[in-house]
Asker: 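Sharing a structure here in structure tokens format.
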Amino acid sequence: MGDGSIDSPLLLEQEMITDPSKQVKLGSFTGLVPREKSIAFERILFRATRGNVFLKQAVIEDPVIDPISGEKVDKNVFVIFYSGERTKNKILKICEAFRANRYPVADDMARQYQMIREVSEKLSELKTTIDVGLLHRANMLQTIGSQFELWNIMVKKEKYIYHVLNMLSFDVTKKCLVAEGWCPVFATSQIQKVLQRATLDCNSQVGAIFHVLHTEEFPPTYFRTNKFTNAFQEIVDAYGVAKYQEANPGVYTIITFPFLFAVMFGDWGHGICLLLATLYFVMQEKKFSGQKLGDITEMIFGGRYIIMMMAVFSIYTGFIYNEFFSVPFELFGPSAYQCKQLSCRDATTSGLVKVGPTYPFGVDPKWHGTRTELPFLNSLKMKMSILLGVAQMNLGIVLSYYNAKFFKNDLNIWYQFVPQMIFLNSLFGYLSLLIIIKWCTGSQADLYHVMIYMFLSPTDDLRENQLFVGQKFLQIILLLLAIAAVPWMLFPKPFLLKKQHEERHQGRSYALLHNIDDPLETDLHEDSHDHKEFEFGEVIVHQLIHTIEFVLGAVSNTASYLRLWALSLAHSELSSVFYDKVLLLAWGFNSIIVLIVGIIIFVCATVGVLLVMETLSAFLHALRLHWVEFQNKFYEGDGYKFFPFSFTSIQDDEE
């Protein structure tokens with residue numbers, strides 16, 4: 001026993017004694033089985049053969065291609081040793097059930113070695129072929145790499161052209177293609193020249209025919225913008241695309257949007273910081289235009305000119321408010337006021353005496369921090385918010401007149417524009433007039449009392465609240481006009497629409513109304529073909545809703561403009577808190593370390609809160625004022641954009 005090697009068979013003597021004809025021959029199967037089925041495969045084999053097989057599995061690291069599905073699948077390689085034909089048949093059925101791929105292996109050792117050698121040689125040949133192919137591919141790609149982008153763009157352009165050609169239709173003779181589309185009027189001659197040049201370039205015997213069609217379909221909307229005005233137009237388009245020839249709010253947004261933002265953000269120190277950050281994007285726009293930016297960076301870069309205008313206007317309003325990080329400066333001359341005694345300093349104006357000429361520009365620096373006798377700055381911002389709001393709402397109503405005039409909707413001119421102007425200005429226009437008179441005269445009249453008792457007791461004597469002669473009589477006239485404007489908006493228009501409808505169907509009037517600006521009249525135009533009954537009740541309800549919406553909206557929208565004052569006050573107070581409670585407090589410790597920490601906290605708070613959060617807050621509030629308070633007076637925004645055939649859209653989609 002000790003003389004035998006480890007490779008010697010344990011049953012050598014029995015094998016030598018046993019008759020060769022009675023020896024049991026073992027068969028084998030080799031193949032691959034899906035990895036997720038390997039455990040079940042082994043369990044079924046064990047149960048079906050009652051454990052009379054030997055199974056060995058090994059994991060294949062890389063996925064292999066399944067010969068049936070052609071997809072890459074994670075599999076295990078297996079080998080099965082068995083004895084007997086019945087066991088063999090069971091194993092074959094189990095392999096078929098589990099979709100195991102079987103591969104034949106010869107029993108002869110010499111044949112096995114030969115197969116291994118052949119497979120190794122074949123693998124070596126394949127590896128050599130793949131290496132040569134990869135090298136050839138690398139050389140080819142390196143050769144054509146400089147032209148790949150050009151070829152890619154050319155292929156996309158051709159696909160784009162064929163996509164557009166597929167939208168063309170054959171004429172009745174089936175010999176030419178007919179294309180119908182929209183083009184700007186200014187581009188008509190340019191399109192004709194391009195078609196003529198294309199005919200000459202391709203040596204065509206028949207030239208392209210360009211003909212202007214007259215259609216009742218409403219054209220798409222196209223505004224010519226540049227890199228400066230495009231961002232402002234996108235703000236308007238986010239609310240809704242203007243109808244064809246509808247007044248475009250984007251023209252006014254270029255000025256009003258950054259200005260209203262600046263009213264809330266007014267601080268020329270913060271404005272300078274915002275301007276410097278924006279100028280970096282403006283000066284590096286060629287560099288950033290060719291790069292793929294993150295979502296936030298791309299949004300900031302796209303609105304760089306909006307932010308630049310916001311920063312410029314913030315510097316301007318900051319000079320008016322006389323605030324530099326909440327600190328007032330005597331930039332345009334000395335203050336017109338001085339303290340008569342020491343008790344008037346800091347948070348009170350008691351004892352201030354005017355000793356010089358009025359401060360030439362903006363708020364006098366001595367009036368900052370006033371809380372008792374002269375709350376001028378807060379009063380200035382509040383009253384200025386009302387003036388700006390009334391002015392912008394009047395602009396919106398004037399633009400509604402333009403829309404009604406262009407679409408030839410006389411009913412909207414006389415029964416919408418006129419009463420709306422009367423109602424708004426009889427109340428809030430009059431309030432704006434009182435504010436201006438009070439500023440000019442220095443009166444101490446209580447405007448809250450004047451406006452409240454204008455409704456409650458219009459005939460009472462104004463006493464100390466009278467600002468000019470004849471004020472009571474004027475208030476009564478304006479109140480009567482405001483009251484009369486409500487039924488003026490409500491009742492005449494539905495009856496006139498009903499009259500026009502009856503005249504059309506009785507044959508007394510054959511004029512078609514194409515007033516798409518008014519949905520009621522659009523419905524009437526459609527009903528003229530169907531001879532449907534005029535729904536007078538629906539028209540009355542619609543007009544009632546419109547009237548109530550304007551009357552309540554005039555009050556709520558005017559109050560909504562007070563957010564200009566509220567956010568400006570919040571911005572100023574936050575800036576003052578960071579300056580007084582952080583920077584000055586750190587300065588008072590007379591310690592370099594505390595001062596450095598205070599400066600770091602002040603800078604972080606200024607950047608994070610005032611330059612980021614406050615900027616976003618003021619931006620959103622200015623956006624709301626334009627979308628809700630301004631544009632709802634005249635802007636329908638139910639048009640659709642003009643998308644011309646252009647290869648630049650391919651590059652935009654790729655980016």
Asker: For F261 and S314, which heavy atoms make the closest approach, and how far apart are they?
Answerer: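 For F261 and S314, the tightest heavy-atom pair comes out as CE2-OG, 3.5 Å.
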Asker: Test of understanding: with salt bridge (charged side-chain N to carboxylate O under 4.0 Å, His left out), list the residues that count as partners of D201, not counting sequence neighbours.
Answerer: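 Here no residue qualifies.
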Asker: After noting the C-alpha distance and the side-chain angles of F325 and Y579, does the key distance pass the ring pair (Phe, Tyr, Trp, His ring centres under 6.0 Å) rule?
Answerer: CA-CA 7 Å; F325 296 98; Y579 177 76; 8.8 Å; no
Asker: Indicate the ring-plane relationship of F265 and H270, choosing parallel, tilted or perpendicular according to the 30° and 60° boundaries.
Answerer: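 Answer is tilted, since the angle falls between 30° and 60°.
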Asker: Passes salt bridge (Lys or Arg N to Asp or Glu O under 4.0 Å), E234 versus K641? Steps please.
Answerer: CA-CA 12 Å; E234 289 295 328; K641 272 189 176 183; 3.7 Å; yes
Asker: Please step through side-chain contact (heavy atoms from CB on, under 4.5 Å) for the pair V64 and V73, ending with a clear verdict.
Answerer: CA-CA 5 Å; V64 296; V73 182; 5.6 Å; no
Asker: What's the verdict on side-chain contact (heavy atoms from CB on, under 4.5 Å) for N403 and K243, showing C-alpha distance, side-chain angles and the deciding distance?
Answerer: CA-CA 10 Å; N403 288 335; K243 291 185 299 188; over 6 Å; no
Asker: Would you find more than 12 non-hydrogen atoms of other residues, nucleotides or ligands less than 6.0 Å from D295 atom CG?
Answerer: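 No, not enclosed.
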Asker: Can you tell me how far apart CD (Q142) and CD1 (I144) are? Round to the nearest 0.5 Å.
Answerer: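 Rounded to the nearest 0.5 Å, the CD-CD1 separation comes to 11.0 Å.
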Asker: If we count only N and O atoms by modelled type, under 3.5 Å, do the side chains of N248 and Q233 hold a donor and an acceptor together?
Answerer: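 There is such a pair between these side chains.
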Asker: Using 30° and 60° as the class boundaries, would you call the ring planes of W268 and F324 parallel, tilted or perpendicular?
Answerer: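 Tilted, since the angle between the ring planes falls between 30° and 60°.
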Asker: Just checking, R43 and F46: is the charged tip under 6.0 Å from the six-membered ring centre and within 45° of the axis?
Answerer: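 Not satisfied by the 6.0 Å and 45° rule.
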Asker: Decide if the gap between the ring center of F602 and the ring center of F578 is smaller than 6.0 angstrom.
Answerer: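 Aromatic pair excluded; centres sit 6.0 Å or further apart.
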Asker: Would you find more than 12 non-hydrogen atoms of other residues, nucleotides or ligands less than 6.0 Å from Q147 atom CD?
Answerer: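 Buried by this count: over 12 neighbours within 6.0 Å.
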Asker: Which word best sums up how the rings of F54 and F81 line up, parallel for under 30°, tilted for 30 to 60°, or perpendicular for over 60°?
Answerer: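 Ring orientation of F54 relative to F81: tilted.
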Asker: May I ask you to decide if the ring planes of Y244 and F218 are parallel, tilted or perpendicular, using 30° and 60° as cut-offs?
Answerer: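 Ring orientation of Y244 relative to F218: perpendicular.
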Asker: Taking atom types as modelled, is there a side-chain donor on E118 or Q114 under 3.5 Å from an acceptor on the other?
Answerer: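 There is such a pair (donor and acceptor under 3.5 Å, judged by atom type) between the side chains of E118 and Q114.
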Asker: Can we say K75 and D66 salt-bridge, meaning some charged N sits less than 4.0 Å from an Asp/Glu carboxylate O?
Answerer: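 So K75 pairs with D66 through a salt bridge.
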Asker: Using a 6.0 Å cut-off, check whether atom CG of L141 has over 12 heavy atoms from anything other than its own residue.
Answerer: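 Yes, enclosed.
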Asker: Determine whether the aromatic ring centres of F228 and Y305 lie less than 6.0 Å apart.
Answerer: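 Yes, the ring of F228 comes within the 6.0 Å limit of the ring of Y305, centre to centre.
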Asker: Flag yes if more than 12 heavy atoms outside K37 fall under 6.0 Å of its NZ atom; otherwise flag no.
Answerer: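 More than 12 within 6.0 Å, yes.
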Asker: When you look at S169 and L177, which way does the side-chain contact (heavy atoms from CB on, under 4.5 Å) test go after all the steps?
Answerer: CA-CA 6 Å; S169 58; L177 293 174; over 6 Å; no
Asker: Indicate whether any N or O donor in one side chain lies under 3.5 Å from an N or O acceptor in the other, for E85 and N89.
Answerer: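 There is no such pair between these side chains.
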Asker: Would you say the side-chain atoms of T49 and N52 include a donor-acceptor pair closer than 3.5 Å?
Answerer: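 Short answer, no.
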Asker: Should H211 and L213 be marked as a side-chain contact (heavy atoms from CB on, under 4.5 Å) after you check the CA-CA gap, both sets of side-chain angles, and the distance that decides it?
Answerer: CA-CA 6 Å; H211 180 65; L213 298 177; 3.6 Å; yes
Asker: Would F281 and F288 count as a ring pair (Phe, Tyr, Trp, His ring centres under 6.0 Å) here? Give the steps.
Answerer: CA-CA 8 Å; F281 286 99; F288 288 119; 5.6 Å; yes
Asker: So how far is it from I94 CD1 to L45 CG, rounded to the nearest 0.5 Å?
Answerer: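 Between I94 CD1 and L45 CG, I get 4.5 Å after rounding to 0.5 Å.
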Asker: Could you check whether atom CZ of F223 has more than 12 heavy atoms from other residues, nucleotides or ligands sitting under 6.0 Å from it?
Answerer: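 Counting other residues, nucleotides and ligands, CZ of F223 exceeds 12 neighbours.
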Asker: Parallel, tilted or perpendicular for F630 and Y252, by the 30°/60° rule?
Answerer: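 Perpendicular, since the angle between the ring planes exceeds 60°.
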Asker: Are E298 and K292 ion-paired here, with the side-chain N under 4.0 Å from a carboxylate O?
Answerer: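 Salt bridge absent between E298 and K292.
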Asker: Under 6.0 Å from the ring centre and within 45 degrees of the ring axis: does the NZ or CZ of R102 meet both conditions for the six-membered ring of F78?
Answerer: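 Here R102 fails the 6.0 Å and 45° test against F78.
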Asker: Any chance you could measure I254, atom CD1, to I306, atom CD1, to the nearest 0.5 Å?
Answerer: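 These two atoms lie 9.5 Å from each other.
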